[in-house]
J.: 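Please find one structure pasted underneath; my questions will follow.
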Amino acid sequence: MTDRRPPASPATVLCALLGSPVDHSGSPAMHDAAFAATGRDARYLAFDVSARDLPAAVRGLAALGAAGANVTIPHKERALALAGEVAPRAQRSGSANVLAFRAGRVVADDTDGEGFVRAVAEAGFGLSGVTMVVLGAGGAARAVTAAALAAGARRVLVHNRSAERAVELVSRLDPHGRRLRAVGRHDLAEALAGAAVIVNATPLGLRPGDPAPLPGDQPLPPGALAVDLVYAPHETPFVRAARAAGLRAVDGRRMLVWQAALAWEVWFGEIGPVEVMARALDQWLHRRAGDGP
Ligand code: NAP
């Protein structure tokens, strides 16, 4: 691909990734390819930053005139406390994956949840009025649950290996338990039977040999959409099991691409080039798996 950017100069815009570790992240590949393809005079660099150094790193980026940053594990909640302004999406999810630096102010936002909503819509499904089942109760589960509630989901049922974490997620996002409920192993079959969207928000599938996040004999409702937040160059165990049961299924690549494209909207006021980012992510995933150029 042709790099349409001018050579780096004092006018070049900086965007950064702050996390620890950061070498697992496809964000530099996606954003740099998008800058190169559009000719935007910008560079994207990943920094491995400890929790202790995060405030200084954020202040430093602001002082350097950076346009923005992505924040990844383990700093997504911590980043909220460092912002002078928190966008409604980040308030809802209680975490931030995007920071924007605007005239000395740090603005925190969350595009993970809306990335998920866009990926679901692209697959031909809507969240308004539906029941969604989420497997897992960590940061990603919280982001997609908050976004699904904001998009009008009727109910979100959360199942997690450690039940107390599912209960904690529910009480944090829906203290009165009107639309959110934690479900245990014994209620899972009933919950799945009524679901229109089923989400794997556990890391199961990330490593070769990982089992699917649901037992093989667990019946899945054939008309539903299965969304695996795990992204991989090949079919994940959850996507494979869902397709075998007749469901439509997508992995986490589209959500990841959309959260990056929507981060551009926060930084630059326009959505990033989704398909350029998608191609760059695929190439990066294949390279990392050792089967790409
Ligand atoms: P997290 O905060 O560490 O939460 C992980 C969750 O998975 C916890 O609820 C944990 O249960 C559960 N879990 C972990 N190992 C498990 C196992 N062996 N069996 C059953 N449950 C298990 O992680 P996260 O940030 O939410 O991320 C979860 C996944 O989503 C990761 O694979 C990440 O790559 C992916 N993700 C994708 C995107 C995207 O854009 N596609 C964005 C964010 C995250 P316990 O509470 O019992 O430990």
Side-chain angles (χ1 to χ4, degrees), residues 112-113 115-163 165-167 169-170 173-174 177 179-258 285:
D112 277 339
F116 168 75
V117 173
R118 299 268 183 148
V120 168
E122 263 183 355
F125 284 70
L127 288 161
S128 178
V130 309
T131 295
M132 181 167 106
V133 169
V134 178
L135 308 170
R142 201 173 62 230
V144 303
T145 300
L149 291 177
R154 191 170 67 87
R155 282 185 88 68
V156 182
L157 307 172
V158 182
H159 173 75
N160 193 46
R161 176 174 65 178
S162 35
R165 207 163 167 201
V167 171
L169 188 157
V170 166
L173 293 186
D174 185 17
R179 293 159 69 201
L180 262 184
R181 188 158 62 87
V183 294
R185 205 142 18 109
H186 299 301
D187 301 326
L188 188 56
E190 192 188 329
L192 288 167
V197 178
I198 304 164
V199 183
N200 173 34
T202 78
L204 285 172
L206 215 49
R207 285 178 305 222
D210 268 353
L214 286 169
D217 56 358
Q218 181 73 64
L220 294 173
L225 171 70
V227 184
D228 196 347
L229 300 195
V230 169
Y231 45 89
H234 308 295
E235 212 173 39
T236 63
F238 183 57
V239 166
R240 192 176 315 120
R243 286 183 181 151
L247 277 70
R248 175 124 202 212
V250 293
D251 75 11
R253 280 174 294 179
R254 292 307 285 188
M255 170 175 163
L256 190 69
V257 164
W258 272 108
L285 284 169

J.: Compare all side-chain heavy atoms of Val130 with those of Phe125 and state whether any distance is below 4.5 angstrom.
T.: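 Not touching, per the 4.5 Å side-chain cut-off.
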
J.: Closest heavy-atom contact between Trp258 and Ala119?
T.: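 Of all heavy-atom pairs spanning Trp258 and Ala119, the closest is CD1-N, 4.3 Å.
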
J.: So, for Ala201 and Val134, which heavy atoms are closest and what is the spacing to 0.1 Å?
T.: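 Smallest interatomic distance, heavy atoms only, reads CB-CG1, 4.1 Å.
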
J.: First locate atom CG of Leu169, then atom OG1 of Thr145, and finally report the distance between them rounded to the nearest 0.5 Å.
T.: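 Interatomic distance, Leu169 CG to Thr145 OG1, rounded to 0.5 Å: 5.5 Å.
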
J.: Grab the two heavy atoms, one from Ala141 and one from Gly136, that are nearest each other, plus how far apart they are.
T.: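 Taking every non-hydrogen atom into account, CB-O, 3.2 Å.
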
J.: Looking only at heavy atoms, which two atoms of Asn200 and Phe238 are closest? And how far apart?
T.: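 Scanning both residues completely, I find the closest heavy atoms to be CB-CD2, 3.6 Å.
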
J.: Between Ile198 and Leu247, is the side chain to side chain contact (heavy atoms under 4.5 Å, CB included) condition met? List the steps.
T.: CA-CA 10 Å; Ile198 304 164; Leu247 277 70; 4.2 Å; yes

J.: Taking the side chain as every heavy atom from C-beta outward, state whether Leu192 and Gln218 have any pair of such atoms under 4.5 Å apart.
T.: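 Yes; the side chains approach each other to less than 4.5 Å.
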
J.: Between Ala191 and Val133, which heavy-atom pair has the shortest distance, and what is it?
T.: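 Heavy atoms of Ala191 and Val133 come nearest at O-CG2, 3.6 Å.
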
J.: Distance check, rounded to the nearest 0.5 Å: Met255 atom CE versus Glu122 atom CD?
T.: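 The distance works out to 13.0 Å.
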
J.: Is the closest side-chain heavy-atom distance between Leu157 and Asp187 below 4.5 Å?
T.: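 A side-chain contact is absent here, since even the closest heavy-atom pair is not under 4.5 Å.
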
J.: Where do Thr236 and Asp251 land on the side chain to side chain donor-acceptor pair (under 3.5 Å) test, with the steps shown first?
T.: CA-CA 7 Å; Thr236 63; Asp251 75 11; 5.8 Å; no

J.: Could you check whether any side-chain heavy atom of Leu229 comes within less than 4.5 Å of a side-chain heavy atom of Phe116, counting everything from C-beta outward?
T.: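 Yes, their side chains come closer than 4.5 Å.
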
J.: Measure across Ala232 and Leu285 and return the closest heavy-atom pair with its distance rounded to 0.1 Å.
T.: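 Taking every non-hydrogen atom into account, C-CD1, 4.1 Å.
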
J.: Can you tell me how far CG of Leu173 sits from CZ of Arg179, rounded to the nearest 0.5 angstrom?
T.: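 The distance works out to 11.0 Å.
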
J.: So do the side chains of Leu204 and Val230 get within less than 4.5 Å of each other, counting heavy atoms only?
T.: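 Leu204 does not reach Val230 side chain to side chain.
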
